[in-house]
K.L.:
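The structure follows.
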Number of protein chains: 2
Amino acid sequence: MKKETKHVSVVEKPLLEHAESVIRKSLLEHRGFVVIGFCEVDYRGRASSKLEAGDRIVIIKEDGAVLVHRPTEYSPVNWQPPGCLFETRRTNEGLSIRAVRRKPREVLEVIFKKIYVINTLNLTDKGVFYLFASEEDMQKAIVLNPSLIEPGLRITSIEKKVEPGFVDLCGLSKEGRLVIIEIKRKTAGKDAAIQLAKYVEAIKPFTEREIRGILVAPDIAKDVQPLLATLKLEFKPLSPKKCAEILNKRRTVKILDYLKTNMQNV
Amino acid sequence: MKKETKHVSVVEKPLLEHAESVIRKSLLEHRGFVVIGFCEVDYRGRASSKLEAGDRIVIIKEDGAVLVHRPTEYSPVNWQPPGCLFETRRTNEGLSIRAVRRKPREVLEVIFKKIYVINTLNLTDKGVFYLFASEEDMQKAIVLNPSLIEPGLRITSIEKKVEPGFVDLCGLSKEGRLVIIEIKRKTAGKDAAIQLAKYVEAIKPFTEREIRGILVAPDIAKDVQPLLATLKLEFKPLSPKKCAEILNKRRTVKILDYLKTNMQNV
DNA sequence: GTTTCCATTTCGTCA
DNA sequence: TGACGAAGTGGAAAC
């Protein structure tokens, strides 16, 4: 493997002068790199922040995104989204890397006092990412299999506009009652029940049929139960996991998109 | 510097067997590490996902957090929050690292086919992180300096409970009218105006005084202007940046916390 | 471009 | 521990 096609080049414990030239070269060639070192971080933009010196992992990606990670925690302590412009310079403080974003104007500055290692990257990632069982996927699973909600249910419209917003699903029960479905992919709170009730009220003037509001969610918060009774709504438990399984069996997304487009005006 | 106190140990292009032992050791010693390599990723939990093979940066932190980053984009394509348990094993597929989270039960599996480099970490980060100009800072700035809103205004309560939720600030204007303040740190939309109107309505039954609702934000969305007129609300422009400047002058956070605690029941 | 809403949101606080 | 709201939220779709 030739040096130019190496996936990762490592420089350990470089002097800051050396580090500067390695980083400048990477930035110039639009290559990503990972720097692990002792640094301070300043941020000015929508808000302002100051991070005192410590050991961090700094990732600068080829698209101009920046992530500053502490040794613990999920989220970066500071960051910059893709599309940044960079400046590096030596100061008596150390080695500074500034990432500038326009619109909104935001500046992130990382000042390295010591660098333990630089990983220069030359990565290729063509892999497709598939995500299943978002709220939308739950909706699709119900359209594919309305009996998930109740036997004999027929879905008649998807994302129907009903002034306060959009009703997730509408349908007809086997007794011919209008069914309004609100989907939540996690434990439904009061807000979901209230929202559904508003939809039901908003639709009443437009139909002679009796209306049932059904809240579909894996669970409801315990204080929602009495509210459902008050508002005369029903609750049907349905987990995103079960929806994912159904979608895994029937990967007919194109048909679904067709339905979604054409059932709007039902 | 002794080997044991090295901040970062690098292993380049290890065989998967060697990589496995390095990673096992890191996990056992609760050390974080960064692996750059060619891998597939599977996730099962609140949702499900599959990521086809490609080059990625995988960070496993000492607190059991996992981040899988592609060569571009701000956010990790897959992740796991702190507190995971790990299993590693060799398969004919490659080297698998499973990160398991309980509650909710979620499993993230990274299967490496090739590893370009492993950075084993031994980092120390005691630096304090300061963030200015959050919404809470705006609130504090107004309490410290109510004339930011209008001369003669006196703040009487903070985060007062008012059934739909909590009113950011309440006060009395110099003409003796009750002032209800809703703060947004960015451009306020319809929702903010509606929320404020609800608070005003909710408070009316409890006072003889005339009530003014003031929306405080750097700006308002253009369709909110007529809504404000309809709802008889006022708008006072105020930027988080200006608030940050005021707080920088008066770093009396403790006094503020005291106020916040004791004005609840006004 | 702006607005709105979802997210494997995450992250805090508070009851 | 659950519930609720803010975030330098980010991101996508709709208008």
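Within every chain, numbering begins at 1; the chains are lettered A, B, ... in the order of the sequence lines, protein sequences first and strands thereafter.
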K.L.:
Rounded off to whole Å, could you give me the CD-to-P distance for the E136(B) and dC4(D) pair?
P.N.:
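Checked: the CD to P distance equals 20 Å.
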K.L.:
Please check this pair: side chain of S157(B) against backbone of K160(B), looking for a donor-acceptor N/O pair closer than 3.5 Å.
P.N.:
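Not confirmed, S157(B) side chain does not pair with K160(B) backbone.
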K.L.:
Could K236(B) and E234(B) be called an ion pair, given the rule that one side-chain N must be under 4.0 Å from one carboxylate O?
P.N.:
no
K.L.:
Using modelled atom types and a 3.5 Å cut-off, is there a donor and acceptor pairing between side-chain atoms of D219(B) and backbone atoms of T187(B)?
P.N.:
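Not at all, since once roles are kept as given, no pair shorter than 3.5 Å links the two residues.
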K.L.:
Can you measure I194(B) atom CD1 to dT4(C) atom C1' for me and round it to whole angstrom units?
P.N.:
13 Å
K.L.:
Any Lys/Arg nitrogen of R46(B) or E106(B) sitting under 4.0 Å from an Asp/Glu carboxylate oxygen of the other?
P.N.:
yes
K.L.:
Which residues pass the side chain to side chain contact (heavy atoms under 4.5 Å, CB included) test with K186(B), sequence neighbours left out?
P.N.:
none
K.L.:
With rounding to the nearest 0.5 Å, note down the distance linking CG in L51(A) to CD in E109(A).
P.N.:
13.0 Å
K.L.:
Ignoring backbone atoms, test whether K184(B) places a side-chain nitrogen or oxygen under 4.0 Å from the OP1 or OP2 oxygen of dG5(D).
P.N.:
no
K.L.:
So which heavy atom on A193(B) is nearest to which on V224(B), and how close?
P.N.:
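So the two residues come closest at CB-CG1, 4.1 Å.
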K.L.:
Measure the distance from CD on Q195(B) to C1' on dA6(D) and round it to the nearest whole Å.
P.N.:
11 Å
K.L.:
Can you tell me the distance, in whole Å, between the CD1 atom of I158(B) and the P atom of dC14(C)?
P.N.:
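Spelled out: CD1 on I158(B) to P on dC14(C) is 13 Å.
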K.L.:
Just the rounded figure in Å: distance from P of dC11(C) to CD of E135(B).
P.N.:
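Spelled out: CD on E135(B) to P on dC11(C) is 19 Å.
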K.L.:
Strictly by Watson-Crick or wobble contacts shorter than 3.5 Å, is anything paired with dG1(C), and which nucleotide is it?
P.N.:
dC15(D)
K.L.:
With heavy atoms under 4.0 Å as the rule, sort K241(B) into base, sugar-phosphate or nothing.
P.N.:
nothing
K.L.:
Using a cut-off of strictly less than 4.0 Å between a heavy atom of the residue and any atom of DNA chain D, enumerate the qualifying residues of residues 54-61 of chain A by number.
P.N.:
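Residues of residues 54-61 of chain A under 4.0 Å from DNA chain D: none.
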K.L.:
What interatomic distance, in whole Å, is found between C1' of dA6(D) and the corresponding atom of dG10(D)?
P.N.:
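Looking at atom C1' only, dG10(D) and dA6(D) are 14 Å apart.
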K.L.:
One character per nucleotide, please: for nucleotides 8-15 of chain D, 5' to 3', B when the base has a protein heavy atom closer than 4.0 Å, S when only the sugar-phosphate does, - otherwise.
P.N.:
BSSS----
K.L.:
Check step by step if salt bridge (Lys or Arg N to Asp or Glu O under 4.0 Å) holds for E182(B) and K184(B).
P.N.:
CA-CA 7 Å; E182(B) 174 68 25; K184(B) 291 291 164 194; 3.6 Å; yes
K.L.:
Nearest-Å distance, CD (Q225(A)) to C1' (dA3(D))?
P.N.:
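After rounding, the reported distance stands at 17 Å.
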K.L.:
Do S49(A) and N78(A) have side-chain atoms, one donor and one acceptor, less than 3.5 Å apart?
P.N.:
yes
K.L.:
Specify the separation, in whole Å, of atom NZ of K222(B) and atom C1' of dT4(C).
P.N.:
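The distance from NZ of K222(B) to C1' of dT4(C) comes to 14 Å, rounded to the nearest Å.
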K.L.:
dA3(D) P sits how many Å from L227(A) CG, rounded?
P.N.:
14 Å
K.L.:
Using atom C1' of each nucleotide, how far apart are dT10(C) and dC6(C) to the nearest Å?
P.N.:
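Here dT10(C) and dC6(C) have their C1' atoms 14 Å from each other.
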